[in-house]
Amino acid sequence: MKKLLVALLVMLMLVGCSAKEEPTDDPTIEEPVGPVGPVAGGWTINTELPEMNDAIFDKARQGIDGASYSPLFILGTQVVAGTNYEYFCYSKPVVPDATPSFKVVTVYKALGDNLEASILNIADFEVTDFTSEQGETTPAGMMGGFTEVEELPNFLSEEENAIFEKAFEGLDGVGYTPVAKLASQVVAGTNYAFLAMGKTISAQPQTHFYVVNIYNDLEGNATVNNICGLNLANFNAK
């Protein structure tokens, strides 16, 4: 009898392991890792985009020279002895022919009604860190890197919104809302990098920010190549 029970347990273990190895056709999705949600000491995602607090940012950036910073929206907040704000910004060095770029600026607002704020950290936001060449088809002579948006506002056009929606047809589990266009790349068609807010479709939905990489071919077929979650804590690592 004991031998029979042991044999049954082994068979169940083998079945369980084999089930985990089934392949999937879903695009690569890298989930954010780290503290998220309304937890003291962690970062709380700002779900009220494009809500801003320019007064705090304007106070914090006083005295900064060498570059201009245009805050686009707040990614999240963190409760400390006061509040930390994480701003997604468009930055341009104050020099001729300078190349603009995206930055994540962390601002500390002290307790109290007085507007006392200071910049804690300015982190580079490299779009290529969150993109993938999976599924890319590049003909000879057309190889090129992603070109970041150089004009504001960088909200999606009607055509880009249609491409985003078409790419997600048939994909369930998370509802993605595009927030901004980050970059594009000309290949045999076009690769796009969009900043999006994703909300899980569940009884207790979770919200995160993602960089969504979409490929739109020359025939107008749009597919999701890569979805990479943002961990807000990483932009404050020293």
Side-chain angles (χ1 to χ4, degrees), residues 32-131 146-156 177-184 193-197 207-211 228-238:
V33 179
V36 293
V39 181
W43 285 93
T44 299
I45 299 296
N46 173 29
T47 59
E48 302 300 326
L49 292 177
E51 182 178 294
M52 285 293 300
N53 195 322
D54 293 345
I56 293 175
F57 189 88
D58 289 342
K59 179 66 175 179
R61 68 178 168 184
Q62 289 180 6
I64 294 181
D65 299 319
S68 64
Y69 292 90
S70 300
L72 304 180
F73 41 80
I74 296 172
L75 291 173
T77 57
Q78 180 187 42
V79 176
V80 288
T83 305
N84 289 333
Y85 293 83
E86 200 163 87
Y87 289 85
F88 191 78
C89 297
Y90 183 77
S91 176
K92 186 174 182 179
V94 188
V95 293
D97 301 321
T99 301
S101 60
F102 293 110
K103 305 283 185 182
V104 177
V105 180
T106 305
V107 172
Y108 168 69
K109 164 67 171 61
L111 291 171
D113 296 331
N114 60 314
L115 193 58
E116 182 182 343
S118 57
I119 290 180
L120 296 180
N121 191 55
I122 299 176
D124 294 330
F125 188 93
E126 300 290 347
V127 175
T128 52
D129 289 345
F130 305 97
T131 57
F146 273 89
T147 301
E148 291 188 1
V149 171
E150 296 186 0
E151 296 292 337
L152 294 180
N154 58 329
F155 302 120
L156 280 66
T177 302
V179 176
K181 176 183 174 181
L182 300 177
S184 60
F194 298 113
L195 183 66
M197 180 178 286
T207 301
H208 297 291
F209 283 106
Y210 299 85
V211 173
C228 188
L230 303 187
N231 179 3
L232 302 192
N234 286 347
F235 295 108
N236 299 283
K238 301 292 185 179

State, to 0.1 Å, how close [X] and [Y] come at their nearest heavy-atom pair, and which atoms those are.
X: Asn114; Y: Leu111; answer: OD1-O, 3.7 Å
X: Ala180; Y: Leu156; answer: C-CD1, 3.6 Å
X: Val211; Y: Ala193; answer: CG1-CB, 4.4 Å
X: Gly82; Y: Tyr108; answer: CA-CE1, 4.1 Å
X: Arg61; Y: Pro71; answer: NH1-CD, 3.9 Å
X: Thr207; Y: Met197; answer: CG2-CG, 3.5 Å

query = Is there a donor-acceptor contact under 3.5 Å from the side chain of Ser68 to the main chain of Lys92?
reply =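 Checked: pair present.
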query = So, the side chain of Tyr87 versus the backbone of Asp54: is there a donor-acceptor pair under 3.5 Å, distance only?
reply =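 Such a contact is absent between Tyr87 side chain and Asp54 backbone.
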key: Pairing residues for Phe194 by the ring pair (Phe, Tyr, Trp, His ring centres under 6.0 Å) criterion, not counting sequence neighbours   =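 With sequence neighbours excluded, Phe194 shows a ring pair (Phe, Tyr, Trp, His ring centres under 6.0 Å) to Phe164, Tyr192, given in chain and number order.
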inquiry  = What I want to check is whether the side chains of Asn46 and Glu86 have a donor and an acceptor closer together than 3.5 Å.
reply    =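 Glu86 and Asn46 do not have a side-chain donor-acceptor pair below 3.5 Å.
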Return the [atom1] to [atom2] distance between [X] and [Y], rounded to the nearest 0.5 Å.
X: Ser118; Y: Ile56; atom1: OG; atom2: CD1; result: 11.5 Å
X: Asp129; Y: Asn234; atom1: CG; atom2: CG; result: 11.0 Å
X: Glu126; Y: Leu182; atom1: CD; atom2: CG; result: 12.0 Å
X: Lys109; Y: Leu120; atom1: NZ; atom2: CG; result: 13.0 Å
X: Tyr85; Y: Gln78; atom1: OH; atom2: CD; result: 12.0 Å
X: Lys103; Y: Asp124; atom1: NZ; atom2: CG; result: 3.5 Å

Got [X] and [Y] here, is their nearest side-chain heavy-atom distance under 4.5 Å?
X: Leu232; Y: Ile45; result: yes
X: Ile119; Y: Val105; result: yes
X: Tyr69; Y: Ile122; result: yes
X: Leu195; Y: Phe73; result: yes

ask   = Should the ring pair Phe102 and Phe125 be called parallel, tilted or perpendicular, given that the plane angle runs from 0 to 90° and is split at 30 and 60?
value =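 Geometry flag for Phe125 against Phe102: perpendicular rings.
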message = Using a 6.0 Å cut-off, check whether atom CD of Glu116 has over 12 heavy atoms from anything other than its own residue.
response =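 No - once you tally the heavy atoms of other residues, nucleotides and ligands closer than 6.0 Å, there are 12 at most.
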ask   = Picking from Asn231, Leu75, Asn84, what satisfies side chain to side chain contact (heavy atoms under 4.5 Å, CB included) with Trp43?
value =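 Testing Trp43 for a side chain to side chain contact (heavy atoms under 4.5 Å, CB included) against Asn231, Leu75, Asn84 leaves exactly one candidate, Asn84.
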